[in-house]
Structure formats: C-alpha cells, structure tokens
Peer 1: 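Sending over a structure as structure tokens; questions will come in a sec.
All values below were derived from every heavy atom in this structure, side-chain atoms included, with hydrogens, water molecules and symmetry-related copies excluded. Only a predicted model underlies this, so the values are computations on that prediction, with no experimental measurement involved.
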Amino acid sequence: MDGKQAGKESLAKGMNARGWFLGHIDAMEGRVLPVALVLWVVMILAYLFYAVTGSILCEIKQWATPSWLPRDWYLNLPPDSRLLFDSLSGIAARFVDLHLLAFVLRPCGWALMAYGLARIVCDLRLPLFWTVSMFLAFLYGFHQNFVAGEWYFFTIESKVPAYGFVFLALSSLMRDRRSESAFFMGLATSFHVLVGAWAFLAWLFVQLVDLIQGKVRLPEVLKSLCWYLPAASFGLFAIISNLLDNMRHGQLAHPGLPEASYIYVFARHPHHLSPWEWPEASFWLPFYFGVLILFGWLGFGKRWISQEEKLSRLSRFLVGAMLIFGAGLIIACFDHNGHLLKYYWFRLGSSMVPFGLLLILARLAAVYVWPRWGRWHSAAYAVLAIALCVVSARFVIAAHHQMSEKEEPIYAWIKSHTSQDAIFFVEPMDQDFNLKAERAIVVTIKNVPTRDQLLYEWAYRLQDECGPAPFNKFQQLMDDLSRGYYSRTTDQVRSVARKYDASYWVTRTSQHLDLPIVFQNADTVVYDCR
C-alpha cells in the first residue's frame, strides 16, 4: 500500500470517528442524498394533498398560541408526550395559516424519513429501481401496515419524525455504531413515546443477542444507554407523569362506566389494540409466524451472519419487533380489561413487517435477479417511470378536486358571526370542526386523552351530549352516540349547554329544537342554545 492510499484511509477513519453523519467514505454513501431526494419526491406526490387530521394541527396551534381557543377542553390539556413535537412545530404555527401548516410540516417530516430510509437502502446496496419499487409496494400494496392500522406518511403528527429517527437508528445499528443508534432511538422516544420505546426494546434485543454471541461487551452496551437516556428525556418524563397521575386517580369510582383501560382499548381503539377484533385472523396469524421464521433465519443463520452482517442486524431487530407483537397476542388472551393492551404492543410489528419484508425481498432481487436482467435495466427504469407518472397524475387530479372545493358556508358564517371564545356542540364523529371553523367544541370522539381521569371526563362529556351509551364495541358506540345526538330534546340541549357554558348546537335540519335558529342551509342548522 503506497503512502497516498494509506493517507486516504487514515483520513476516512478520522472523519468517521469524529462525525456521526458522514458515515463510511465509499461509493454507496455518496448515493444517500440522491436516493433520499427521490423517496422524498415520491412521498410528496403521493400524500401532500391527502386530507389532514385537523385535531393534530389544532393541538399545535393551541400550544403555540394559547389565546387562540382558550375554552376548548381537549386542546388545552397538557401535551404530555407531544411536548417536544408541539413546541418545535409551534414555531411554524405562529407564522402560517393552519391549512398551510400541513403543507409546511409534512414535507419536513418526510425529509427526515426519506434520509433515514435512504441510508438503510444504501447500506443494503439496493439499486434505485428496487428501492423505488419496494417503496411503492409499501405505500400501496401493504398500505404501510400489517394488521394494526399503523401508518407513516398520511398526515403529520409526532410519530412521523419518530419513525424518521427509528430509520436513522436502524441504519446506525446496521453499521455497528451502537451509541449513535441509541441516541437516535432516544430522539424517537422523545417525539413519540410508544414508537420510540418499543423500537428501543427491539434494539435491546439485538444487543442481548450480540452479548450472548460475544460480539459486544457489556460496557459498550451501557455506554450506549448513556446516549439513549438524555435523548429520550421528553418521552421518559411523559411516561413517569402519566403513570403517577393514573396511580393517583385510578382507584376513584366512576358509576355507569367501565374501567378507563377497557374504554380506551375495546370501546375506542380495538382496531389498534385488540387483535381478536381484527378481520381475517385466519390469514394474518399464519402470515405472522411465517414472517417471524423468515426474519429469524436471516438474522441468525450462520451463512447470513458471515456474508451479510448488515442485513443480519436488521433482521434481528425485526425479530425483536415480532417478539413484542407475539407477546401482545399472548397478553390479549387474558387481558380482558385492557390494562396491558393499552400500551400498543402491535404498533412496531404492524409497521415493521411490511417494511422489513419488502426490504429483504428487494435485497434478494438485487442480488439474484437484477444482474441477470443486464440490457433490460433501461426498460425496467422506463416502466418504473411510467408507474410514477400514473401515481403522480392520480394525486394531482385528486389534489385539484380537493382544492377546487369551496369552503362550506357554515364555517364562513361561524368565523364572521360568532365570538372567538364561543363553545359549540357538534356531532361526536366530526373530526375537523376545530380546524375549519376555528372555534372550541365540547367533545369529539376523535380527541381522546390518555390519562385515566381525563378519559373518564371525556366519556362523561360524550354521555352528557348524546345521552347514555354503553362503552363496549367501537362501532356500537359510534352508532349510539350519533343516534343520541340527533335525538336530544330542547330541554336536554338547554341543560347540557348550561353545564358547559356552550352557545351553539350544530345539527342536521331534520332535528327540530325549540331554540332560535341563527344559521341554516339545505343540510345543516345552527341553534343558539344560550
């Protein structure tokens, strides 16, 4: 080796030792930013004009500007696990309109995710064709999740940057940079407690396996934890605060309501938390075990450990995610009140199964299929370009349709004819009234607190607004609440309006109340219930 070559290698080692984000100085590292840009553009084409969840934007706005809707009960609750996300996002919320805020925040979150994902695919040395093909299959084939309704890209909330940091942590794990990986896992935990904490447990599983196999020493793992803990401080604070609050109020009696955990799991979030409520269990259970075996073979097979160490580390992380998923299945067999199920045991497995499976299939295709195509590479890229054009055209048309829709007259009337501090009753399934009308509401089924005492308050508000409802099955609850809301009498509306100091009742024209009508069109009527 000549002196010039030795000098280059010495410089590369020094740069890697001092800079986490530089990575290995090789040809693949130079592809990270271009690949990230391509993935980012695909995300923008697919979801920039996707309908956003109004409650998230309103939470950010209210945290940034407390005087905006000072009398909205839910929006003024402590942010807890959203503290870091709301604080950073609130910087933009102070300067831009709420509708524009979604167009600002989503590309920022996706940029982080695209960069983390690009580092992973470059570590696996995937050609751009298989990278984009895998990504499109992930978006439209699996719809971003396995069974538990998890998602990455649709709208903007704290889980988006959390998953971006999980991707960065996985890339660092694949490169055997444990402290850097733990630090990114900590940031993921601070942005979204459940995403980051479950991912960190899967990360610990990898460290345990490496300890057993003698690939790492215990002091190295402990050193990594020293990087995780401060980075995860916001998330750990939320966990401790929530547990202490539930311990303080959890034993209080709440007549007419089941336990808070039961309401949260089985009446409100069974599609996320109760596996026996998911459809097609006869398919996904065998699929789960098949994928677990595949990940285990790739993660622990000697051939793969010796020849594909990065893929092996990724597969072991996926095994850890699937073991957490399996533990949730066992818990679901006896946890009939949701005491443990409420912690989202299936979130990481649901999101990582299609992600990991498609990455592995793309890697196998890159190794065994791509070299044999030879001169057909250009044709493959042409087909992929056509597919991207079809996708982008589809969403441009949808975006044009959405943007051409005029704002409903009721929201324009509310903004110009009611006080900023007025409180409204709206149909419990209305998710966007805060966003569109920019007024406070009494309660909605979408905005659910996580603390037990606040969850009971949420349930009582729903019953006050809509009448008694058994908090059993989610679909039954929605039907009962909707039916009850439109069946309330004049005396009942006046009574609940006095209790919550509300001013207006928004309903269908078919509901007749002996109250002054302040707005009416073909579909909607607003009563003054003061």
Side-chain angles (χ1 to χ4, degrees), residues 53 55 73-74 143 145-151 154 194 246 250 252-285 287-288 325-347 349-351 425-433 441-488 492 496 507-508 511:
T53 303
S55 61
W73 171 71
Y74 178 80
H143 299 288
N145 75 91
F146 173 33
V147 286
E150 183 67 339
W151 55 263
F154 290 131
L194 292 169
N246 289 343
L252 298 178
H254 294 274
L257 291 176
E259 291 187 55
S261 58
Y262 183 93
I263 295 174
Y264 191 83
V265 173
F266 299 105
R268 181 59 187 89
H269 297 104
H271 50 295
H272 293 313
L273 303 175
S274 179
W276 314 129
E277 301 288 335
W278 302 338
E280 301 178 353
S282 59
F283 165 77
W284 66 258
L285 273 175
F287 181 74
Y288 161 78
F325 190 101
L329 294 179
I330 296 173
I331 290 171
C333 295
F334 62 84
D335 186 14
H336 303 301
N337 286 316
H339 293 150
L340 294 176
L341 283 176
K342 66 180 180 181
Y343 295 113
Y344 288 81
W345 293 78
F346 311 104
R347 164 164 272 151
S350 176
S351 63
F425 289 102
V426 298
E427 204 270 347
M429 268 54 75
D430 190 334
Q431 300 184 20
D432 298 321
F433 186 88
I441 58 177
V442 174
V443 68
T444 177
I445 200 169
K446 171 66 178 177
N447 298 336
V448 188
T450 56
R451 298 192 181 195
D452 289 353
Q453 188 65 15
L454 295 174
L455 186 68
Y456 286 124
E457 170 69 15
W458 170 81
Y460 283 132
R461 282 173 173 260
L462 284 174
Q463 289 192 334
D464 286 341
E465 182 177 272
C466 304
F471 283 81
N472 293 321
K473 302 296 183 181
F474 179 57
Q475 188 60 51
Q476 179 187 351
L477 175 63
M478 290 196 300
D479 293 342
D480 290 342
L481 292 175
S482 181
R483 189 184 307 111
Y485 182 84
Y486 294 117
S487 301
R488 302 302 269 172
Q492 289 170 332
V496 72
T507 185
R508 299 171 183 165
Q511 184 179 18

Peer 1: Spell out, as yes or no, whether a donor-acceptor pair under 3.5 Å connects the side chain of Asp452 to the backbone of Leu454.
Peer 2: no
Peer 1: Distance from Phe471 atom CZ to Asp480 atom CG, nearest 0.5 Å?
Peer 2: 9.5 Å
Peer 1: Got a donor-acceptor contact below 3.5 angstrom from the Gln463 side chain to the Ala469 backbone?
Peer 2: yes
Peer 1: Can you tell if the side chain of Phe325 reaches within under 4.5 Å of the side chain of Val147, non-hydrogen atoms only?
Peer 2: yes
Peer 1: Less than 4.5 Å apart, side chain to side chain, heavy atoms only: is that true for Val448 and Leu455?
Peer 2: yes
Peer 1: I'd like to know if the side chain of Trp345 and the backbone of Ala327 have a donor-acceptor N/O pair within less than 3.5 Å.
Peer 2: no
Peer 1: Going by side-chain hydrogen bond (donor to acceptor under 3.5 Å, both in side chains), name the residues that satisfy it together with Ser274, two or more places apart in sequence or in a different chain.
Peer 2: none
Peer 1: Could I get the full list of side-chain hydrogen bond (donor to acceptor under 3.5 Å, both in side chains) partners for His339, not counting sequence neighbours?
Peer 2: Glu259
Peer 1: Measuring only between side-chain heavy atoms, which start at C-beta, is Phe433 closer than 4.5 Å to Glu427?
Peer 2: no
Peer 1: Just verifying a value: how many Å separate Leu481 CG and Tyr486 OH, rounded to the nearest 0.5 Å?
Peer 2: 11.5 Å
Peer 1: Would a 4.5 Å heavy-atom cut-off, applied to side chains only, mark Arg461 and Tyr74 as touching?
Peer 2: no
Peer 1: Say you draw a straight line from CZ of Phe266 to CG of Leu341; how long is it, rounded to the nearest 0.5 Å?
Peer 2: 5.5 Å
Peer 1: Could you check whether any side-chain heavy atom of Tyr344 comes within less than 4.5 Å of a side-chain heavy atom of Leu273, counting everything from C-beta outward?
Peer 2: yes
Peer 1: Does the side chain of Ser55 come under 3.5 Å of the side chain of Gln431 through a donor N or O and an acceptor N or O?
Peer 2: no
Peer 1: Are the side chains of Gln492 and Glu465 in touch, meaning some heavy atoms are under 4.5 Å apart?
Peer 2: no
Peer 1: Is it true that a side-chain atom of Ser482 and a backbone atom of Met478 form a donor plus acceptor pair closer than 3.5 Å?
Peer 2: no
Peer 1: If you compare all heavy atoms of Thr444 against all heavy atoms of Pro428, which two are closest, and at what distance to 0.1 Å?
Peer 2: OG1-O, 2.9 Å
Peer 1: Are any side-chain N or O atoms of Tyr288 and backbone N or O atoms of Gly326, one a donor and one an acceptor, separated by less than 3.5 Å?
Peer 2: yes
Peer 1: For a side-chain hydrogen bond (donor to acceptor under 3.5 Å, both in side chains) with Glu277, tell me which candidate from Gln475, His272, Lys473, His269 qualifies.
Peer 2: Lys473
Peer 1: Calculate, to the nearest 0.5 Å, the distance between atoms NE2 and CH2 belonging to His271 and Trp278 respectively.
Peer 2: 11.0 Å
Peer 1: Rounded to the nearest 0.5 Å, what's the gap from CG on Asn337 to NZ on Lys342? Could you check?
Peer 2: 11.0 Å
Peer 1: Measure across Trp73 and Pro449 and return the closest heavy-atom pair with its distance rounded to 0.1 Å.
Peer 2: CH2-CG, 3.7 Å
Peer 1: For a side chain to side chain contact (heavy atoms under 4.5 Å, CB included) check, start with the C-alpha distance between Leu329 and Phe346, then their side-chain angles and the critical distance, and finish with the verdict.
Peer 2: CA-CA 8 Å; Leu329 294 179; Phe346 311 104; 3.8 Å; yes
Peer 1: Is Asp335 reaching over with its side chain to a backbone N or O of Leu340, donor-acceptor style, under 3.5 angstrom?
Peer 2: yes
Peer 1: Answer yes or no: is there a donor N or O on one side and an acceptor on the other, between the side chain of Ser350 and the main chain of Asn145, under 3.5 Å?
Peer 2: no
Peer 1: Could you state the interatomic distance from CD1 (Ile445) to CG (Asp430), rounded to the nearest 0.5 Å?
Peer 2: 12.0 Å
Peer 1: If we ignore hydrogens and angles and just use 3.5 Å, is the side chain of Gln511 paired with the main-chain N or O of Arg488 as donor and acceptor?
Peer 2: yes
Peer 1: Report yes or no: does Tyr485 contribute a side-chain atom to a donor-acceptor pair with the main-chain N or O of Phe425 at less than 3.5 Å?
Peer 2: yes
Peer 1: Identify the two heavy atoms, one from Leu257 and one from Ala459, that lie closest to each other, and give their separation to 0.1 Å.
Peer 2: CD1-CB, 3.8 Å
Peer 1: So, does Tyr456 use its side chain to make a donor-acceptor pair with the main chain of Ala260 at under 3.5 Å?
Peer 2: yes
Peer 1: Tell me, do Trp276 and Pro270 make a side-chain contact under 4.5 Å, heavy atoms counted?
Peer 2: no
